[in-house]
Protein chains: 2
Amino acid sequence: MKSKLDEEFERLCREKGLRLTGPRRIILDVLAKASDHPDAIEVHRRASLIDPSIAIATVYRTVRLLEDSGILESHAFGDGRARYETADREHHDHLINIETGDVIEFRSDEIERLQEGIARAHGFEIVSHRLEIFVKPLKGGKRKKTSRDRR
Amino acid sequence: MKSKLDEEFERLCREKGLRLTGPRRIILDVLAKASDHPDAIEVHRRASLIDPSIAIATVYRTVRLLEDSGILESHAFGDGRARYETADREHHDHLINIETGDVIEFRSDEIERLQEGIARAHGFEIVSHRLEIFVKPLKGGKRKKTSRDRR
DNA sequence: CAACTTATTGCAATTAAGTCTCAAAAGCAG
DNA sequence: CTGCTTTTGAGACTTAATTGCAATAAGTTG
């Protein structure tokens, strides 16, 4: 099946004279299917399962291309590497469980609204923002299911 | 004058059997006096003005030490480097002017409170968090004075 | 579909931030 | 001051990411 991302990527290629190559298709596919937040090495590992000849340099070049076109978002969650997720869903922020490395997505319109107000009060408009909350489990606390992330 | 930071650092040294060395004093001093958010290279440059023999490795070792003891906070504002500020004032978040690199500090108790609620709803407690809003000036907008930051 | 133009790739070399090793230097307790 | 131990400077090393380049492959043209 051709995803919304594929279409957007095709449109982008046509628009900018870029080529829709095998490696690019595979890397985009890996990212579209990822429900976690893989780093470049992990993306390369997964892409290599489909075509073992893909070079890590191509992964880096492709994620940069996708990021620059707004198809991908990159995050720096503390460890040195950048981690990626497709930007096809609505904006959200992250809770990071520091004991497991799991990342949980959340969204708060109230917080977004407050941010708008703060920026405006300083004479700015928001271009982007990031909110990351590093957490640990409450002792006897209730737990909601988490979307597991690779470390 | 001996700052609150100096005292805390002395206490820390005594406590952990660390030595209060020349380089450490100078680096702490540089950081205590910085009203911006310098990176390691900039801290090294400033420390070198006082003692040109200080090595960049010592800067990295010292900021790590200070960060681990909670005297310093490190931030990753998008460019690859870590940038530092002393943790002696109350917690705040950052507006980053993407056109100039200026960093403006702000604080919103309302946002903090909402974050608490979100974490708890997921069964977690907050260990730390970071909120960075990347902004650009409003067109005809009013402007507040900014604390200028080195790029 | 063969020829051609030019973007893209794989590979290896390179960069950049940060860390580590180690001999020499410097704190600090007695 | 002495001696023990931590810390330092210098440079080698690590790791994520980028780049140069010759070979390859998209996409276009005829």
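Bear in mind the structure is a predicted one, so any value in this text is a computation, not a measurement. Residue numbering restarts at 1 for every chain, and letters A, B, ... go by the order of the sequence lines.
The CZ atom of B/Arg45 sits 18 Å away from the C1' atom of C/dA17 (whole-angstrom rounding). Spacing between atom CG of B/Leu20 and atom P of C/dA29 amounts to 11 Å, rounded to whole angstrom units. When the P atom of C/dT8 is taken as reference, atom CG of A/Leu28 falls 15 Å away, rounded to whole Å. One interatomic measurement links the two molecules: CZ of B/Phe77 to P of C/dA17, which rounds to 17 Å at whole-angstrom precision.
Comparing the local axis fitted to the first five base pairs of the helix from C/dC1-D/dG30 to C/dG30-D/dC1 with the one fitted to its last five gives a bend of 30°, rounded to 10°.
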N/O donor to acceptor pairs below 3.5 angstrom from side-chain atoms of residues 64-72 of chain A, sequence neighbours left out:
| from | atom 1 | to | atom 2 | distance (Å) |
| --- | --- | --- | --- | --- |
| A/Glu67 | OE2 | A/Ser74 | OG | 3.4 |
| A/Ser69 | OG | A/Leu65 | O | 2.4 |

Let me check something: any side-chain donor-acceptor pairs from residues 13-24 of chain A under 3.5 Å, sequence neighbours excluded? List them with distances.
| from | atom 1 | to | atom 2 | distance (Å) |
| --- | --- | --- | --- | --- |
| A/Glu15 | OE1 | A/Arg11 | NH1 | 3.0 |
| A/Thr21 | OG1 | A/Arg24 | N | 3.3 |
| A/Arg24 | NH1 | A/Arg19 | O | 2.7 |

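Salt-bridge formation is detected for the pair A/Arg107/A/Glu90: a Lys NZ or Arg NE/NH1/NH2 atom is positioned less than 4.0 Å from an Asp or Glu carboxylate oxygen. A/Asp109 and A/Arg113 are not joined by a salt bridge, as no carboxylate oxygen comes within less than 4.0 angstrom of a charged side-chain nitrogen. In this structure, B/Arg46 pairs ionically with B/Asp36, as a charged nitrogen and a carboxylate oxygen lie closer than 4.0 Å.
Nearest-nucleotide mapping onto DNA chain D: of B/Thr58 and B/Gly17, the residue sitting toward the 5' end is B/Gly17. The residue among B/Gly80 and A/Leu65 whose nearest nucleotide of DNA chain C is located toward the 5' end is A/Leu65. Ranked by how close their nearest DNA chain D nucleotide is to the 5' end, A/Leu18 and A/Ala82 are led by A/Ala82. For B/Gly22 and B/Ala40, each mapped to the nucleotide of DNA chain C holding its nearest heavy atom, the one lying further toward the 5' end belongs to B/Ala40.
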Residue pair B/His75, B/Phe77: steps toward the ring-ring contact (aromatic ring centres under 6.0 Å, His included) verdict: CA-CA 6 Å; B/His75 303 283; B/Phe77 293 144; 5.3 Å; yes

Carefully, step by step, assess B/Glu85 and B/His37 under the rule side chain to side chain donor-acceptor pair (under 3.5 Å). CA-CA 6 Å; B/Glu85 71 181 320; B/His37 301 77; 3.3 Å; yes

As a quick check of understanding, evaluate side chain to side chain donor-acceptor pair (under 3.5 Å) for A/Gln115 and A/His129, giving each step before the final call. CA-CA 9 Å; A/Gln115 290 181 25; A/His129 73 104; 3.0 Å; yes

Run the salt bridge (charged side-chain N to carboxylate O under 4.0 Å, His left out) check on A/Asp29 and A/Lys33 step by step: do they pass? CA-CA 6 Å; A/Asp29 194 52; A/Lys33 285 197 172 62; 3.0 Å; yes

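Dashed line: the shortest gap from a side-chain N or O of B/Arg64 to OP1 or OP2 of C/dC20 is under 4.0 Å. Using a 4.0 Å cut-off, some side-chain N or O of B/Tyr60 falls inside it from OP1 or OP2 of C/dG18.
Contacts of A/Ile56 with the nucleic acid, taken as non-hydrogen atoms under 4.0 Å apart, are absent.
Proximity of A/Asn97 to B/Phe124: side-chain heavy atoms (C-beta onward) are separated by under 4.5 Å at one or more points.
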Do any N or O atoms of the protein come closer than 3.5 Å to N or O atoms of nucleotides 21-25 of chain C, and which pairs are they?
| from | atom 1 | to | atom 2 | distance (Å) |
| --- | --- | --- | --- | --- |
| C/dT21 | O4 | B/Arg61 | NH1 | 3.2 |

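Looking at residues two or more places apart in sequence or on another chain, you find no ring pair (Phe, Tyr, Trp, His ring centres under 6.0 Å) involving A/His44.
On the nucleic acid side, DNA chain D contacts chain B at distances under 4.0 Å to non-hydrogen atoms, with the end points of that region at D/dT5 to D/dG11.
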